[in-house]
Amino acid sequence: MITGIARRNLIFVGAILLMGVLLALAFWLRWQYVQTISLYVDEFTTLWAAQRTQEVGAPLMPSGVLYTRGLLATYVTALVGMVAGLDYTTGRLPSVLFGLATIAAIWVVGRRAWNARVGWLAALGLALLPEAIIWSGRARFYAQLQFFALLTIWAAFWAVQAALTPGDKSRVSLRNSAFGRHLLFAACFILALFSQEETILLYPSLVLGMVLWRGWRYLLHREIWPAQVVMLVGMAVRYAIEVLGQPGFFETIQAERPYVGLVFDVAATWPAYASLLIASDRLPWTLAGVLAIVAALVVLARGGWRPMHLERFHQATLFFALQFAFVLLFILTLVGGQWRETRYLFLVQPVWLLGGAAGAIWLIDRLLAREPSRWIATAALAVLVIWLGWQPATAVLERQVEGYDRAFAYVAAQRQPGDVVMTPQPPACAFVLGAPCDYYAVQRAYEEFVIAKDGVLVDRWSGATLLNDAGQLAEVIRAAPRVWLVTDAFRLATRYDGDFQRTVVEQFDPAFQERGVSALLAEGWRTLPVYTEEHVLDTPLAFGRLALSGWKAGVATPGQPLPVALTWQATAPIDRQLNTSLRLISAEGATVAQQDGPPARGIIPTNLFFDAPLPDLKTLDLPADLPAARYRLEVVVYDVENNAVEAGPLTIGWIEVG
């Protein structure tokens, strides 16, 4: 017969083994992400900051500023790099470990605040949560932030449970217990704060929770207020580091795209976060969480609205829900419009999972009285969680990001002495090439990323000189033997003006293209064709979703190439690559010369064409025996994938030969 102690030991061993299986599954998903997905652009900044930390002892950049984002994560990454060598994999390894630690932590928190079944369901949900897989596989601070934020909320809840009146223990023992719990809460908060400053959003709601649970005088107890002072000092120090380490950065951010403001535009903000809460695979969690809150509120109302008198299950539901609700409400109403990104809700997503698990378990417990039956129902629910969550979890392993790692690796292999390298992503350039690039090439939305040094503007993170003028670009191409421009198509289409884009299309050739990023190469200044006639259309000629706003051509001589430059702009969103076919047609209707190809030479894909005009450089090889006559120019626009005609052929003009 198995004794009670043996049974408990057996259950404990089984729980550890089951958690090992869950962590192994979570590790596999995250490791696959690490090994197969290119680096998100901000990861290069973390890696570059970690490399600088290894070199000078702090994330002090060549520009003279301190990289203050994720200070603790920078040092952790630098430490791992010192032990194992800093590269893409080791740089991402701390996030993997913190992601796994958060799964273990949510299991423990669920067990202690609610019960074991809540902990298991929440841990399973976090293991499969797509954004948890993503941020646990990236060299950034979000996985670390989530871990310490969860511990902070748990430590605050544990601290508020501390008794301050004598019972079975002496008053001194009680005071020491309360003092220790609150210091633990403060320590977790400081660790989260120095992981990412967004942690400051938790402080008001945590203090509010303590006041609602114990009254405002609770904070004045000598066992309690020192922890509050520690946190306030920590926030002041963190702000001082921000202001002194990055002069002018905070002010520029607030001026260009403010972090916070009196937005109160929930209708516009909600769509940015709705998918996290009401997508088909997430709605059950949200509804179950609402059920848990309603159940707890009903019990609270019946008990005279005294949270401390509730059973621990309902107390945990309300205390944790308060933290999630406050952060969500703040984001929906006060966060600036350009900061509406799902990652800013990431720090409290474990709370959302715990609430959903609590609601599901509460419902099971209301329907089933026997403990074995409850565990069987929980196991069935876990199968449902896996069924709903597996496809979204594995889908992120197929969702590639911009391949700056691939493009800069190519440049590093091909680079020659005297080559000039420019990019809108200087931290990536600096980390991969081992030294800052020559130029930070961008024309729009760069103000917050530059600082004056020796009379010129340089990139804050690498010290690369700002290049934001088409004339300056032309001078560099003329002066250097070879110039590399490494950029992704989206930034090339949105962060540059028409003159700059035209110079890039005319002077650079694609040397390498992968995962949306191109390494463009200019080998000296390319003399442009001589165009002897130019036509600007008062009303652009429509070719489906593209419109021709003008064209120009050179002299048409038999046996010689005829240069033609078309100018296109988009009139409607384009969701695919469209190519153009330029044809020279005789009076009899015969095609005497033709060239097909992408507009903008494929450097900017047509799905990123907007209303700004972009060049389409074509060359028609005229036959040597072409009779002198008047020929018409025709254009066809077609879908590259299936050759379906978008529009045309349409005549755009006439060419005289001979």
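We number each residue from 1, following the sequence as shown.
Ion pairing of Arg526 with Asp509 is present here, as a side-chain N (NZ or NE/NH1/NH2) and a carboxylate O approach within less than 4.0 Å.
Taking the side chain as every heavy atom from C-beta outward, Gln569 and Leu546 never approach each other to under 4.5 Å. Looking at heavy atoms from C-beta onward, Glu402 lies out of side-chain contact with Arg515 at the 4.5 angstrom threshold. Looking only at side-chain heavy atoms (C-beta outward), Arg632 and Thr651 come within less than 4.5 Å of each other. Here the side chains of Trp654 and Leu633 are not in contact, with every heavy-atom distance at 4.5 Å or above.
Under a 3.5 Å cut-off, the side chain of Ser38 and the backbone N or O of Gly403 do not form any donor-acceptor pair. Glu43 places a side-chain N or O within donor-acceptor distance of the main-chain N or O of Ala139, the cut-off being under 3.5 Å. A side-chain donor-acceptor contact under 3.5 Å links Gln443 to the backbone of Asp497. Side-chain N or O atoms of Arg30 include one that pairs as donor or acceptor with a backbone N or O of Ala26 at under 3.5 Å. In this structure, the side chain of Gln507 does not engage the main chain of Ala522 through any donor-acceptor pair within 3.5 Å. Listed for the Tyr631 side chain is no donor-acceptor partner under 3.5 Å among the backbone atoms of Val592. For Glu646 (side chain) and Leu578 (main-chain N/O), no donor-acceptor pair under 3.5 Å exists by modelled atom type.
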Exercise. Applying side-chain hydrogen bond (donor to acceptor under 3.5 Å, both in side chains), run through Arg92 and Thr90 and close with a yes or a no.
Key: CA-CA 5 Å; Arg92 287 174 156 183; Thr90 58; over 6 Å; no

Quiz prompt | side-chain hydrogen bond (donor to acceptor under 3.5 Å, both in side chains) between Glu641 and Gln577, worked out | solution = CA-CA 8 Å; Glu641 185 175 346; Gln577 178 61 38; over 6 Å; no

Quiz prompt | Derivation and outcome, side-chain hydrogen bond (donor to acceptor under 3.5 Å, both in side chains), residues Arg140 and Thr46 | solution = CA-CA 6 Å; Arg140 289 298 276 171; Thr46 297; 2.8 Å; yes

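In this structure, Arg138 satisfies the cation-pi test against Trp135, with its NZ or CZ atom closer than 6.0 Å to the six-membered ring centre and inside 45 degrees of the ring normal.
Other residues, nucleotides and ligands place more than 12 heavy atoms under 6.0 Å from the CD atom of Gln416. The number of heavy-atom neighbours closer than 6.0 Å to OH of Tyr273, taken from other residues, nucleotides and ligands shown, is above 12.
Aromatic ring centres of Phe543 and Trp568: separated by under 6.0 Å.
For Ile37, the side chain to side chain contact (heavy atoms under 4.5 Å, CB included) test picks out Tyr33, Gln400, Val401, with sequence neighbours left out. Under the side chain to side chain donor-acceptor pair (under 3.5 Å) criterion, Glu198 pairs with no residue at all, not counting sequence neighbours.
Between Tyr410 and Phe512, the ring planes lie parallel to each other; the angle is under 30°, not in the 30° to 60° tilted range.
Lys618 and Thr580 are linked by a side-chain donor-acceptor pair at a separation below 3.5 angstrom, with hydrogens and angles left out of the test. Gln594 and Asp596 are linked by a side-chain donor-acceptor pair at a separation below 3.5 angstrom, with hydrogens and angles left out of the test. Between Asn468 and Tyr446, the side chains place a donor N or O and an acceptor N or O closer than 3.5 Å (distance only, hydrogens not considered).
Checking Arg52, Met61, Arg460 one by one against Tyr67, the side-chain contact (heavy atoms from CB on, under 4.5 Å) holds for a single residue, Met61.
For the pair Thr571 and Ala547, the tightest heavy-atom approach, listed with the atom from each and the gap, is CG2-CB, 3.5 Å.
In this structure, CG on Leu520 lies 11.0 Å from CE on Met422, to the nearest 0.5 angstrom.
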Can you give me every donor-acceptor pair (side chain of residues 425-441, partner residue at least two apart or in another chain, under 3.5 Å) with its distance?
from   : atom 1 : to     : atom 2 : distance (Å)
Asp438 : OD2    : Val421 : N      : 2.8

